[in-house]
Amino acid sequence: MEKQSRLLCSELCVQRRLFEVTLNCTVLAWKDIQIDKKHTGRAIYGAVKAGSHCVPVCEIIAVQEKEDDSPCKDTGKWQKVPQSPADSCQHAFTANRPKYLLVYINPYGGKQRGKQIYDHKVAPIFSRASISTDVIVTEHANHARDHLKMEADLKKYDGVVCVGGDGMFSEIMHGLVSRTQQEAGVDDNSMEETLMPCGLRIGIIPAGSTDCICYATVGSNDPVTSALHIVVGDSQPMDVCSVHNEDHFLRYSVSLLGYGFYGDVLTDSERKRWMGPARYDISGVKTFLSHRYYEGTVSFLPAEGNSGTPRDKMQCRSGCSICQQTSSDKLVSKNEDSVSDAECRDTWTVIRGKFLAINAASMSCACPRSPKGLSPSAHLADGTTDLILVRKCSRLNFLRHLLRHTNKDDQFDHSFVEVYRVKQFRFTPRYQECDSEVDLRESGATGKQFLSQICREHRACGCMPSQSNWNCDGEILPHTAIQVRVHSQLIKLFARGIEEQPVFEDLYAHCAI
Ligand SMILES: CCCCCCCCCCCCC/C=C/[C@@H](O)[C@H](CO)NC(=O)CCCCCCCCCCCCCCC
Ligand SMILES: Nc1ncnc2c1ncn2[C@@H]1O[C@H](COP(=O)(O)OP(=O)(O)OP(=O)(O)O)[C@@H](O)[C@H]1O
Ligand SMILES: [Ca+2]
């Protein structure tokens, strides 16, 4: 038997069925053995009624030693694994696994089942995998963010887990990113600063209303699947956008930054929180019917060279080559000129107009409501965001555009929709634009005087330019003029991206083998 590729081979009897089991450094495999006593009296390998099964060793949750008390005891041929290959094998698949996790549960997210989901579905898996936990059930909004930012002894942990929805994830991400910048002495109010990547991975146990971040990084919103990704120590880097108003940091975003339609849906739905997840549909219909458009200027720095385009069919999947290319480019560019030097050479594209929606999707934003997301080919970790501009159009056309979020057609194949893959962008609503500011300075008025002056004038003539709010991953921003920069791969999740085939189907059922 070759030492590395075939460490163990045995027959195993489970519930009166005989299996041939093999274990090497990468795979545990087992197949049914049919005893053909009639003809040869010998076991026939491969002539199986049920199929063969295998599990990559790196995905085994736990190994439990048991006394063999089965009736087939005498037929068992387990051979002792030589200690050193067994150790290296074990080390290889447990090296990236977390041993101690800090868990925050939002008891009020989604359908208010966060605590129940954690206790019944997740805690037993962590305990079987010998993971220790400190669990905090939050008592108020921003409890988790502030605890992470100021109090938690992060050196103790191998990761942070949030049980809740996108809002709860956002709290954890803000806490962790801010803490990392504080400790590294990085000023997050400066847009030019290169942010320090976070050391701890974040796990998401979905228990919210949209669960877009979990859905777009795992491919489902199933708590057990997410718990298994945490246990096996998966790692998925992810881009984070910083959002500023002048020299003032506002928030980070990983999924959707939306002005116009999605800003208005969120503003309206916040007043209906008591309705639970249905609030988004009610506010969605209401906002659709109001059909408001907004004027302003969008400027952006387009992404370079081989980053693909939002309209190609290169969807971000597990092991995505575009995101991997970004990782290696980052390593190379560390020794070259700084990001801001490179960006100074780039030219900004400026687009002025009337928009029903301005959406920046840093990831696909896939969720159960929109299985392929707002930008199906956006990438999790490519250092860019897809900027989608939906210009003023008829209600019918806007409905056709929204319907494309739910079907297979090219979302962007409409004359009133434009999409760009960008590294940075800015938005200025019409009433704050520079020419107004020039008038203001010429008239010698202060900012406040000028704003109240245009308010008075426009109220009188009835053409007051309306303004929306920015929806930043489900939070309303306090400013409409914003500057956004994508920070490539700033955080890491316990995930591996969306896989074409579910991998854990048989795994949990067999974890005691
Ligand atoms: C005609 C059917 C059209 C269906 C269109 C469904 C589009 C759904 C797209 C969802 C995109 C979610 C992006 C993720 C954003 C998260 O960071 C954030 C935090 O959780 N969620 C929201 O802001 C929550 C945003 C929730 C938005 C829900 C919008 C529902 C729109 C309904 C429009 C109905 C028009 C009917 C006309 C008769
Ligand atoms: N104990 C708490 N009491 C009140 N609010 C809380 C508490 N813990 C967290 N929150 C806040 O609740 C908000 C919503 O939580 P969460 O994201 O878990 O659910 P959701 O809004 O239903 O889901 P989604 O964000 O996916 O739409 C978050 O913004 C979070 O800051
Ligand atoms: Ca991205």
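Values below: all heavy atoms of this structure, side chains included; hydrogens, waters and symmetry mates excluded. Whatever order the structure lists ligands and atoms in, that order sets their numbers, starting from 1.
- Under the 6.0 Å cut-off for aromatic ring centres, Tyr252 and Phe249 qualify, their centroids lying closer than that.
- If you check which protein heavy atom lies closest to atom 17 (O) of ligand 2, you get Gly167 N, 2.8 Å.
- Geometrically, ligand 1 and Ser255 share a nitrogen or oxygen pair separated by less than 3.5 Å.
- Residue-to-ligand polar distances keep Tyr108 apart from ligand 2: every N/O pair is separated by 3.5 Å or more.
- With 3.0 Å as the limit, Asp386 does not count as an N, O or S neighbour of the Ca ion (ligand 3).
- Using 4.0 Å as the threshold, Arg279 has a heavy atom nearer than that to some atom of ligand 2.
- Taking the six-membered ring where the residue is Trp, the centroids of Phe288 and Phe261 are separated by 6.0 Å or more.
- Taking 3.0 Å as the threshold, Met238 does not count as a candidate ligand of the Ca ion (ligand 3), since none of its N, O or S atoms lies below it.
- Checked against the 6.0 Å centroid threshold, Tyr293 and Phe355 do not count as a close aromatic pair.
- Checking only distances, Gly164 never comes within under 3.5 Å of ligand 2, N or O to N or O.
- Residue Thr385: no N/O/S atom is found under 3.0 Å from the Ca ion (ligand 3).
- Residue contacts to the Ca ion (ligand 3): His379 brings an N, O or S atom closer than 3.0 Å.
- Of the candidates Asp166, Ile105, Asp473, it is Asp166 that places a heavy atom closest to atom 26 (O) of ligand 2.
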